[in-house]
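A, B, ... follow the sequence lines: proteins, then strands. Residue 1 opens every chain.
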Amino acid sequence: MSDFALQDSAVDSAAWSQRLASRTAGACVTFEGWVRDHNDGRAVQRLSYQAYAPLALAEGEAILADARRRFAIEQAYCVHRVGDLAIGDLAVWVGVSAGHRGPAFEACRFIIDEIKLRVPIWKNEFYADGESGWLHPDGSSVGG
Amino acid sequence: MKYRLLYFASLRDRSGCDAETVESAAADPRALFAEVASRHGWSLPMERLRVAINGAFCGWETALRDGDEIVFIPPVSGG
């Protein structure tokens, strides 16, 4: 089981949390990203993620390695969904264990921020009005 | 030379396929992008994209070799 995973089925967050368990850790911080029913003022009905898997996995592992170097943590894991998701589904899970809460919070925040910035995964939102569009943040949203 | 191109997100939609093999004289990703973007009518400018060769990010002037797998990476939106 690798530390960063892409998966096209529901994420078992309890099983991932179990991997963080440690007698020397005094803190565990997890983050869950969920599918929200609206974005930018539009009603969202469902969404779909695409990933360039080989590069996404390498980039995800690199981010976790960065986090271990930068913060005093024990373990860090992340799993990201690909494929079709419904409102309320868990889209991304990040978990960090550490001796103390400070580094655990900081590392968890760092990991999710870097994932949104660097990992080649794309979100296609399907709206209530029948339109859909790939989000390419930084100005223009839908296009190609 | 022959290159394998993979397309994702809006570039895949615009191209109407998720991959194709192209014969091209383009020597680097910059030249190859110009060819492919014009043929498929992409509107995302190169400045907003990154490029990967054989599964690793690289520069736009990297020398291409026959058989390389090239992916133009649109701005990402995971998480």
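- The hydrophobic clustering, which links ILVMFWY residues whose side-chain heavy atoms are closer than 4.5 Å, places A:Ile121 and A:Leu135 together.
- Contact record, A:Leu117 with B:Val76: O-CG2, 3.5 Å, taken as the closest heavy-atom pair.
- Between the CZ atom of B:Arg14 and the CH2 atom of A:Trp134 there is a distance of 14.5 Å, given to the nearest 0.5 Å.
- Within a 6.0 Å radius of CZ in A:Arg109, other residues, nucleotides and ligands contribute 12 heavy atoms or fewer.
- For CZ of B:Phe57, the number of neighbouring non-hydrogen atoms (other residues, nucleotides, ligands) closer than 6.0 Å is greater than 12.
- Looking at every heavy atom in both residues, A:Pro137 comes nearest to B:Pro75 through O-CB, 3.8 Å.
- The number of heavy atoms from other shown groups lying within 6.0 Å of CD (A:Gln18) does not exceed 12.
- Residues A:Tyr52 and B:Ala52 share a closest heavy-atom pair of CE2-CB, 4.3 Å.
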> What do the steps show when you test B:Ile73 against A:Trp122 for side-chain contact (heavy atoms from CB on, under 4.5 Å), and what is the final call?
Replying inline: CA-CA 10 Å; B:Ile73 313 270; A:Trp122 300 272; 3.6 Å; yes
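- For A:Asp40, the CG atom counts as loosely surrounded, since its 6.0 Å shell holds 12 or fewer non-hydrogen atoms of other residues, nucleotides or ligands.
- Across B:Phe8 and A:Ala51, no two heavy atoms sit closer than the pair CE2-O, 3.3 Å.
- Heavy atoms from other residues, nucleotides or ligands lying under 6.0 Å from CZ of B:Arg65 number 12 at most.
- Shown here for B:Leu44 and A:His136, the closest heavy-atom pair between the two residues is CD1-CD2, 4.0 Å.
- Heavy-atom pairs under 4.5 Å with chain B were tallied for A:Val119, A:Ile115, A:Val94; the largest tally goes to A:Val119.
- More than 12 heavy atoms of other residues, nucleotides or ligands sit less than 6.0 Å from atom CZ of A:Arg19.
- Considering CG of A:Leu55 and CZ of B:Arg50, their distance stands at 8.0 Å, rounded to 0.5 Å.
- Note that CD of A:Gln50 and OH of B:Tyr7 are 14.0 Å apart. Values are rounded to the nearest 0.5 Å.
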